[in-house]
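Input: a single structure, listed below in structure tokens.
This is a predicted model, so every value here is computed, not measured.
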Amino acid sequence: SQSPDLNPIEILWKELKTAVHKCSPSNLTELELFYKEEWEKISVSRCAKLIETYPKRLTAVIAAKGGATKY
């Protein structure tokens, strides 16, 4: 139950962090700006896809006995 693979927001946070890292902010103001810009880019369809794939991720976590999965 503690697996980040089972929590869609954890997946979004990882994607957001990766996108902001690529922007290479040089100060806190830029960091905040880039996070806000990237957050706005997250589509409703992306969120829906994460919910849609939940059963597949759950099966993968069970098969991995709570260990790492490809998600």
Side-chain angles (χ1 to χ4, degrees):
S1 68
Q2 300 298 317
S3 173
D5 295 331
L6 299 179
N7 191 344
I9 193 67
E10 295 297 335
I11 296 167
L12 282 179
W13 284 133
K14 181 180 178 190
E15 291 173 4
L16 186 64
K17 182 179 176 181
T18 300
V20 170
H21 179 73
K22 289 179 183 177
C23 296
S24 300
S26 60
N27 58 51
L28 285 175
T29 303
E30 282 186 1
L31 180 66
E32 181 180 9
L33 176 68
F34 292 150
Y35 264 107
K36 287 179 180 180
E37 288 176 356
E38 293 301 323
W39 182 260
E40 290 294 322
K41 292 179 186 178
I42 298 171
S43 67
V44 172
S45 63
R46 177 64 185 128
C47 296
K49 183 71 172 174
L50 287 171
I51 300 303
E52 179 184 304
T53 60
Y54 184 84
K56 194 174 188 179
R57 288 183 281 123
L58 179 59
T59 301
V61 169
I62 291 169
K65 296 184 179 170
T69 69
K70 70 175 185 166
Y71 293 98

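At least one side-chain heavy atom of I11 sits less than 4.5 Å from a side-chain heavy atom of R46. C23 places none of its side-chain heavy atoms less than 4.5 Å from the side chain of E37.
Under the side-chain hydrogen bond (donor to acceptor under 3.5 Å, both in side chains) criterion, K65 pairs with no residue at all, not counting sequence neighbours.
Listed by first and then second residue, the salt bridge (charged side-chain N to carboxylate O under 4.0 Å, His left out) pairs involving residues 17-32 are E32-K36 (not counting sequence neighbours). Listed by first then second residue, pairs satisfying ring-ring contact (aromatic ring centres under 6.0 Å, His included) with a partner in residues 9-41 read W13-W39, not counting sequence neighbours.
A donor-acceptor distance shorter than 3.5 angstrom exists from the side chain of R57 to the backbone of L50, with no hydrogens or angles considered.
Residues L33 and I42 do not share a hydrophobic cluster, defined by chaining ILVMFWY side chains whose heavy atoms lie under 4.5 Å apart. Hydrophobic clustering of Ile, Leu, Val, Met, Phe, Trp and Tyr side chains at less than 4.5 Å, counting indirect connections, unites L28 with L16.
Between L6 and P8, the closest heavy-atom pair is O-CD, 3.5 Å.
Taking NZ of K56 as the start and CG of L58 as the end, the distance is 13.5 Å to the nearest 0.5 Å.
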